[in-house]
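Worksheet: the structure to be examined is printed underneath.
Chain A is the first sequence line, chain B the second, and so forth, proteins listed ahead of strands; every chain is numbered from 1.
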Number of protein chains: 2
Amino acid sequence: MPYRRPPAVQARLDARRDHVLEAAVRLLSREGYGGCSVAAIAAEAGISTGSVYQSFAGKSELAAALFRTLVARELEAVAACADLPGTAAHRVAAAVEIFASRALQAPRRAFALLAEPADPAVDTERLVFRRAFRDVYAAQIAAGVASGELPPQSPELTAAALVGAIAEALVGPLADGDADPGEVIPGLITFTLRALGGHDAADA
Amino acid sequence: MPYRRPPAVQARLDARRDHVLEAAVRLLSREGYGGCSVAAIAAEAGISTGSVYQSFAGKSELAAALFRTLVARELEAVAACADLPGTAAHRVAAAVEIFASRALQAPRRAFALLAEPADPAVDTERLVFRRAFRDVYAAQIAAGVASGELPPQSPELTAAALVGAIAEALVGPLADGDADPGEVIPGLITFTLRALGGHDAADA
DNA sequence: GTCTATATTAAGATAGAC
DNA sequence: GTCTATCTTAATATAGAC
């Protein structure tokens, strides 16, 4: 039987880890990954650099955990659209709108997560999560194809293409900072509906 | 008047630089960016590590130059589709096909350039070149919109979305290595034509 | 358990011999 | 002009004091 820490001890460890992660989130939101050295995160958390290593094996693990923490929330928000009423196309469009509007509300952070040059460990997480987003979209698309609402297509391919399209369409406005985001979301939704091949694209 | 090296000297420097870059291309095609340490590139080129610094300011510059060298060719191939006859949608579809087929012919290298975790300097070049691809597509789309062939839309947004879609749709098959690429290109072209909003998507 | 101050270390970069 | 061997350095990671 494996050793387990007493619950109170484990809770302390978790709390400290969360504390560090929250500091990292603040730093990422302000300065992107460029500002997320171990020393800077420790300072933001109000602890010493050495203490960071009580919770994380190293800088790469911290950067990856930070990414997973934030992007898992986005994935959850997008996945929740699976339960909405309406057609598959509308559910996908709703997911796109949710994703894009959340990104535009925290542009610096969204750019950091989507595209900022960063530790290769972050790139690796990007690949993992993009695949997870793809799977969420693919399930909806597969349902639409099965019901005859959408034309025959590979759900995985269309879903992957959509994930890339959404990300890249946001990168420009997010990076520029000043681009009027008002037109981005409607444009993205129209793009999405057309790409799915439903016949209601013009209605969006 | 600025100093200029004698032509013969400059030619030698250029030749050595090209020699190093060609070695890096071979290494990248075999092992991706993971295999492209300065020492490994020097060994592949048959020179010492020190000599690499006669041609490149450092590892990041070399990695970035390697990226630019290879991706500039792809950009050129895609841009050449602007001169094809036919509708804007068909020109865009041709560009997508060219890009995807070239990637699938050198999958390891294409994955390295598109998505492999790498030096942040490479990520920076990715952002630059994705914008350049976007501009090439945007010009075609703008022409299609102006002629009435395509419905009103932001050419930059659609073009950026397409660039992301193409890249992400290829990442999966390229990373898996074994996925049947036979269905990828037709699927991508259908996706593209639908997303543009022309009325000939089903004809592709 | 947390801090300070130090050590590591793995590439990358360079200097000097040939 | 090129190589070998050395050195730097910028963090990261750790050890030991409190």
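- Scanning for salt bridge (Lys or Arg N to Asp or Glu O under 4.0 Å) contacts around R130(B) gives E168(A), with sequence neighbours left out.
- Evaluation of the side chain to side chain contact (heavy atoms under 4.5 Å, CB included) rule for A161(A) yields A165(B), A169(B), F191(B) as partners, not counting sequence neighbours.
- Judged as a side chain to side chain contact (heavy atoms under 4.5 Å, CB included), and not counting sequence neighbours, the contacts of A94(B) are C81(B), L84(B).
- In terms of the side chain to side chain donor-acceptor pair (under 3.5 Å) criterion, residue partners of S29(A) (sequence neighbours excluded) are, by chain and number, R109(A).
- Counting any heavy atom pair closer than 4.0 Å across all strands shown, G50(A) reaches a base atom.
- Map T49(A) and Q54(A) each onto its nearest nucleotide of DNA chain C; the residue landing nearer the 5' end is Q54(A).
- For E44(B), the salt bridge (Lys or Arg N to Asp or Glu O under 4.0 Å) partners two or more places apart in sequence, or in a different chain, are R26(B), R30(B).
- Defining each end axis of the helix from dG1(C)-dC18(D) to dC18(C)-dG1(D) as the rotation carrying four pairs' C1' atoms onto the next four, with five pairs an end, the two axes are found to diverge by 10° to 10 degrees.
- Every residue was checked against the ring-ring contact (aromatic ring centres under 6.0 Å, His included) condition with Y33(B), not counting sequence neighbours, and none meets it.
- Note that the first and last nucleotides of DNA chain C, 5' to 3', having any atom under 4.0 angstrom from a heavy atom of chain A are dT2(C) to dA5(C).
- Proximity of residues 18-48 of chain B to DNA chain C (heavy atom under 4.0 angstrom from any strand atom) is restricted to S37(B), V38(B).
- In this view, S48(A) and S51(A) satisfy the side chain to side chain donor-acceptor pair (under 3.5 Å) rule, not counting sequence neighbours.
- One finds a side-chain N or O of Y53(A) lying less than 4.0 angstrom from the OP1 or OP2 phosphate oxygen of dA13(D).
- A salt bridge links E116(A) to R108(A): one of the charged nitrogens lies within less than 4.0 Å of a carboxylate oxygen.
- Qualifying side chain to side chain donor-acceptor pair (under 3.5 Å) partners for R102(A), counting only residues two or more places apart in sequence or in other chains: E74(A).
- Residues passing the salt bridge (Lys or Arg N to Asp or Glu O under 4.0 Å) test with R73(B): none are found, sequence neighbours excluded.
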